[in-house]
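This report refers to the structure that appears directly beneath it.
Chain A is the first sequence line, chain B the second, and so forth, proteins listed ahead of strands; every chain is numbered from 1.
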Amino acid sequence: MELQPEVSRWNVTPSEAVALQRRLREQLVLSPPPGLKVERVAGADISTEKGKDTGFGGLVVLDVATLAPVARAGAAVTLHFPYVPGLLSFRELPIIAAAWERLTVRPDVVIFDGQGTAHPRRMGIACHGGLLFGVPSIGCAKSLLVGTHGPLGEARGSTAPLMHRGDVVGMAVRTRKGVQPVYVSPGHLMDLPTAVDLVLKVSPKYREPETTRHAHRLVNALRRADGEAAELE
DNA sequence: GCGACAG
DNA sequence: ATCTTGTCGC
């Protein structure tokens, strides 16, 4: 058997995964490619069933100017890694990668449902995914894994730096007045200001980015469709 | 040793 | 993440 490149090595123990993250983070580039033009942005997500071990993953590509979907792809893959805080990418990325291979339209940026550098080892799922696909990426999470931040204004667009061990690892961003902020951090080939700007741009109305919302609906639809097919057996 | 802990 | 009903507020 060929030894898989480390960035796509999934058959590891949690302990090995941690060691892998420490090596992979050396490859991270925390700045956008010079002259990056963002015309298409993709959202990635997975959905699972309570007692089953199949994960349904998908990506939806949106036109940034109109936020209209222009492409999508999904895949069903057996889960081989448990949910462990800090090791989310080893559970979800194999599924998202299968969908990525079926995606015919390449986005300029991928937004993941989870952390980027706002991670104990600066290697959240957005970092790992960006490295894997070789594409600029952003992490946009609904809750914190690590870090603290001060209060932020009530208005949409308000921000507060997310601090962890003396470093700014991300930004708490209010995407909508009167709701809890989301937590934005760069993944790969990305910086924090660019990430925050883009997340606000693709979140004009709801708390979460339209990319994430579309991806979430896609993978849930895939899971339900699979469940209905199973009922007819 | 104790508590925290993306999805 | 998923399992689940109603409920509060714009």
**Message:** How many whole angstroms separate atom OH of Y83(A) from atom P of dC3(C)?
**Reply:** 17 Å
**Asked** Rounded to whole angstrom units, what separation is found between the NE2 atom of H119(A) and the C1' atom of dA4(B)?
**Response** 14 Å
**Prompt:** Just by distance, with hydrogens left out, do Q4(A) and R9(A) show a side-chain donor and acceptor under 3.5 Å apart?
**Reply:** no
**Prompt:** Would you say T48(A) reaches dG7(B)'s phosphate, i.e. side-chain N/O to OP1/OP2 under 4.0 Å?
**Reply:** no
**Request:** In whole angstrom, give the distance that lies between atom CD of E49(A) and atom C1' of dC3(C).
**Result:** 11 Å
**Prompt:** Does the side chain of S47(A) get closer than 4.0 angstrom to OP1 or OP2 of dT2(C) through an N or O atom?
**Reply:** yes
**Asked** Would you say dA1(C) has OP1 or OP2 under 4.0 Å from some side-chain N or O of N220(A)?
**Response** no
**Prompt:** What nucleic acid atoms does I95(A) come within less than 4.0 Å of, heavy atoms only: base, sugar-phosphate, or nothing?
**Reply:** nothing
**Item:** Distance in angstrom units between R224(A) CZ and dT2(C) C1', rounded
**Value:** 11 Å
**Request:** Side-chain contact test, heavy atoms from C-beta onward, threshold under 4.5 Å: evaluate it for T175(A) versus E208(A) and give yes or no.
**Result:** no
**Asked** Nearest of dC3(C), dG7(B), dA6(B) to any side-chain atom of R91(A)?
**Response** dG7(B)
**Message:** In this structure, how many angstroms lie between the P atom of dA6(B) and the CD1 atom of I96(A), rounded?
**Reply:** 17 Å
**Request:** Could you verify whether a donor N or O on one side chain and an acceptor N or O on the other, from D191(A) and T194(A), lie under 3.5 Å apart?
**Result:** yes
**Message:** If I take atom NZ in residue K142(A) and atom P in nucleotide dT2(C), what distance separates them, rounded to the nearest angstrom?
**Reply:** 9 Å
**Message:** Measure CG/L145(A) against C1'/dA4(B) and give the value in whole Å, please.
**Reply:** 9 Å
**Side-chain donor-acceptor pair present, N220(A), R223(A), cut-off under 3.5 Å** = yes
**Message:** Can you tell me how the ring of F133(A) sits relative to the ring of W100(A), calling it parallel under 30°, perpendicular over 60° and tilted otherwise?
**Reply:** parallel
**Message:** Using a 4.0 Å heavy-atom cut-off, does I125(A) contact any base of the nucleic acid, only the sugar-phosphate backbone, or nothing at all?
**Reply:** base
**Message:** Counting the atoms with a prime plus P, OP1 and OP2 as sugar-phosphate, which does G86(A) contact under 4.0 Å by heavy atoms, base, sugar-phosphate, or nothing?
**Reply:** base
**Asked** Any side-chain N or O of R223(A) less than 4.0 Å from the OP1 or OP2 oxygen of dA1(C)?
**Response** no
**Rounded interatomic separation in angstrom, taking CZ from R121(A) and C1' from dC5(B)** = 12 Å
